[in-house]
Amino acid sequence: MQDLYTEISTENFQKRFKELLKLYNGTYAELAKALDLKSETFISNLIDGSSAINISTIEKIAKFFGVSPVWLMGYNVDKHYEYKRMESL
């Protein structure tokens with residue numbers, strides 16, 4: 001069985017990531033460090049779409065902000081929906 005939630009809507013990700021950032025009181029540098037990401041520039045690039053996002057980074061961001069990675073990817077699920085990866089059979 002293949003995982004159903006594999007495609008990332010870049011436009012929806014950007015919109016939802018910006019929404020989460022409005023709630024964050026720290027700097028992009030602090031966020032990048034907390035998420036173990038490359039740099040604050042990488043955060044900016046995620047926002048404007050000039051850097052590609054991968055599932056691993058989605059999961060880090062979702063965990064940090066306490067939201068569903070599936071929601072962050074752009075799917076119409078509850079923002080706080082509990083998502084568990086399904087293994088291939």
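Keep in mind the model is a prediction, meaning the values are calculated, not measured.
Checked against side-chain hydrogen bond (donor to acceptor under 3.5 Å, both in side chains), D48 has the following partners two or more places apart in sequence or in another chain: S50. For the side chain to side chain contact (heavy atoms under 4.5 Å, CB included) test, residues two or more places apart in sequence or in another chain that qualify with T10 are Q14. Applying the side-chain hydrogen bond (donor to acceptor under 3.5 Å, both in side chains) test to D36 and every residue at least two apart in sequence or in another chain returns nothing. Checked against side chain to side chain contact (heavy atoms under 4.5 Å, CB included), N25 has no partners two or more places apart in sequence or in another chain. S9 is linked by a side-chain hydrogen bond (donor to acceptor under 3.5 Å, both in side chains) to N12, counting only residues two or more places apart in sequence or in another chain. Under the rule for a salt bridge (charged side-chain N to carboxylate O under 4.0 Å, His left out), the partners of E19 that lie at least two apart in sequence or sit in another chain are K79.
For CG of N76, the number of neighbouring non-hydrogen atoms (other residues, nucleotides, ligands) closer than 6.0 Å is 12 at most. Within a 6.0 Å radius of NZ in K63, other residues, nucleotides and ligands contribute 12 heavy atoms or fewer.
For E59 (side chain) and S56 (main-chain N/O), no donor-acceptor pair under 3.5 Å exists by modelled atom type.
Annotation for T57 and N54: closest pair N-OD1, 2.7 Å, computed over non-hydrogen atoms. For R16 against L72, the heavy-atom pair with the smallest separation is CB-CD1, 4.1 Å. For the residue pair A62 and S68, the shortest heavy atom distance occurs at CB-C, 4.0 Å. Heavy-atom minimum distance, N45 versus S51: CB-OG, 3.0 Å. F64 and A34 make their closest contact through CE1-CB, 3.7 Å (heavy atoms, listed as atom of the first residue, atom of the second, distance).
By the 4.5 Å heavy-atom criterion applied to side chains, Y24 and L20 are not counted as neighbours. Counting heavy atoms from C-beta outward, W71 and D78 have side chains that stay 4.5 Å or more apart. Using a 4.5 Å heavy-atom threshold, the side chains of F65 and L31 count as touching.
Here the straight-line distance linking atom NZ of K33 with atom CD of E40 works out to 12.5 Å at 0.5 Å rounding. Note that the CD1 atom of I8 and the CE atom of M73 stand 5.0 Å from one another [nearest 0.5 Å]. If you take CZ on F13 and CG on L46, they are separated by 5.0 Å, rounding to the nearest 0.5 Å.
With F17 as the partner, the side-chain contact (heavy atoms from CB on, under 4.5 Å) test is satisfied by one option alone out of I61, I53, I58: I61.
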